[in-house]
2 protein chains.
Amino acid sequence: MTTRERPRAPLSKERVLAAAVALADAGGVEALSMRKIAHELGVVPMALYKHVQNKDELLDGMVDAVVGEIDPPGGGTDWKAIVRGRVLSARRVLLRHPWASRVIEERTRARPDPTPAVMTYMDSMIGVFRAGGFSIDLTHHAMHVMGSRLLGFSQELFEDSGPADAPPPPPELAERFPHIAELVMGISHDHGSVVGPGCDDQVEFEFALDLVLDGLDRLRDQAGRVASSSSSRT
Amino acid sequence: MTTRERPRAPLSKERVLAAAVALADAGGVEALSMRKIAHELGVVPMALYKHVQNKDELLDGMVDAVVGEIDPPGGGTDWKAIVRGRVLSARRVLLRHPWASRVIEERTRARPDPTPAVMTYMDSMIGVFRAGGFSIDLTHHAMHVMGSRLLGFSQELFEDSGPADAPPPPPELAERFPHIAELVMGISHDHGSVVGPGCDDQVEFEFALDLVLDGLDRLRDQAGRVASSSSSRT
DNA sequence: GGACAACGGTGTACGCCGTACACCTGTCAG
DNA sequence: CTGACAGGTGTACGGCGTACACCGTTGTCC
């Protein structure tokens with residue numbers, strides 16, 4: 001109804017990308033088709049190709065838009081707090097666009113060079129590590145670790161647990177997989193007193209994140225101690 | 001030429017899966033189609049549907065086959081060594097079938113319960129942690145961490161680095177992304193004396209893996225110390 | 001031996017997909 | 001007025017997953 005007497009708002013790459021992102025948010029990326037985007041915009045499919053080379057470039061544009069939503073690094077001197085905040089911001093964005101992490105990973109794996117927003121993201125993240133006293137090599141490692149943490153968080157392995165929807169856990173399964181059964185039964189008696197969903201993904205994410213951050217911190221201290229105990233300080 | 005006078009080897013779910021895995025290994029999962037599998041088997045596409053419900057079930061079967069290739073946990077008492085060996089075995093398998101990690105992740109994210117081989121894999125992994133003295137909750141966390149590490153390793157972010165194929169790094173890029181530039185120039189002057197590919201993915205993987213394992217070990221010790229310093233020992 | 005069902009492979013057809021290509025139309029520069 | 005050009009259209013092609021009706025072979029039971 002929005003496009004009634006007006007002939008139509010003029011298409012543009014931005015409008016195409018926005019429609020594509022909205023559609024992917026709503027129905028998943030596999031339900032995304034040029035035809036549906038076009039329909040959503042009240043236009044014939046081929047019209048999109050005046051603004052986007054092909055579906056691949058469209059996906060790149062969508063990734064760029066999403067990555068651009070991640071907050072820039074906050075100020076301060078504590079590298080760990082900055083990285084933590086940034087990664088959590090990235091996570092919030094990726095939860096808003098659940099299709100994005102898979103698409104980012106696919107494209108990162110196969111593309112000659114990452115999309116500009118990804119480059120910007122990486123550059124500023126590297127800057128935070130360097131400013132935090134990390135050597136180049138350690139920064140390099142850290143980026144790899146953070147990258148896999150940022151992108152590939154595989155939640156929902158145990159979604160069927162929790163007291164609400166679990167039927168009496170079928171006993172022959174418990175027999176075949178005793179360790180899984182024990183774990184499902186015994187989770188989270190202490191660490192939050194929330195009896196709720198049995199497996200808080202946010203808690204898991206932050207647990208893993210802190211694990212990594214603490215490990216990196218220890219390595220950085222260690223490297224610093226070795227360097228200052230040998231010869232110079234640079 | 002193999003199927004000459006013989007009418008044809010009789011199809012079976014195993015043969016279908018094997019053909020599908022081979023095809024995916026060769027051309028990537030996006031080049032995999034029921035029609036191509038059928039052609040490969042010298043059969044009409046619809047014939048496959050006598051052995052597989054649909055493409056989704058076929059992908060599940062492929063995942064199961066691949067996960068089944070992962071070595072069972074080795075013996076010994078050092079949980080860290082066992083986990084390390086197992087994860088590296090998983091990694092070898094996933095490198096053999098580069099399409100697999102993505103497919104596993106997609107399906108793990110959306111499926112009611114994981115495929116049987118994945119269940120078996122998880123169960124024995126949980127067993128290793130439990131035998132290694134991990135509490136149930138800590139095992140739970142550890143599984144999440146291992147899961148994301150096993151599946152989502154995002155290699156190749158810097159594939160264009162390395163002295164071999166890098167043209168003179170375009171200077172206006174270095175200006176826009178100074179940190180990236182510094183990192184690309186400065187990587188790996190020490191940690192292997194290999195001047196080679198500039199970014200050894202295996203090294204990165206093991207670095208992250210050990211980071212996580214060390215962190216988990218520290219947490220386990222810590223939990224044990226707290227428990228024995230409070231009341232009982234169970 | 002003959003009826004019959006089940007199994008496994010076939011052929012045709014439908015609706016979806018991405019997109020090449022030729023076409024039209026409105027706008028604006030010269 | 002003319003012509004170029006940007007942006008939207010229509011048609012068409014090849015590929016996809018798979019529903020559905022079909023058929024030959026094979027084994028079972030009377």
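Residue numbers begin at 1 in each chain, while the letters A, B, ... track the order of the sequences.
Atom NE2 of H39(B) and atom C1' of dT10(C) are 17 Å apart (whole Å). Separating the CG atom of L48(A) from the P atom of dC17(C) is a distance of 12 Å, rounded to the nearest angstrom. Rounded to an integer number of Å, the gap from K13(A) NZ to dG7(D) P is 13 Å. If you take CD of E14(B) and P of dG8(C), they are 12 Å apart, rounded to a whole angstrom.
Sparse packing is recorded around CD of Q53(A), with 12 or fewer heavy atoms of other residues, nucleotides or ligands lying under 6.0 Å away.
Side chains of T115(A) and D64(A): a donor on one and an acceptor on the other come within 3.5 Å.
For the pairing with W99(A), the side chain to side chain contact (heavy atoms under 4.5 Å, CB included) check across L23(A), D25(A), L32(A) returns one residue only, D25(A).
For the pair S89(B) (side chain) and G85(B) (backbone), a donor-acceptor distance under 3.5 Å is absent. Formation of a donor-acceptor pair under 3.5 Å by the K36(B) side chain with backbone atoms of A31(B) is found in this model.
A search for side-chain hydrogen bond (donor to acceptor under 3.5 Å, both in side chains) contacts involving S124(B) returns R86(B), not counting sequence neighbours.
OP1 or OP2 of dG9(C) has at least one side-chain nitrogen or oxygen of H51(B) nearer than 4.0 Å.
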Check your understanding: What string of B, S and - do you get for nucleotides 18-25 of chain C 5' to 3' if you count protein non-hydrogen atoms under 4.0 Å?
Key -> BBBB----
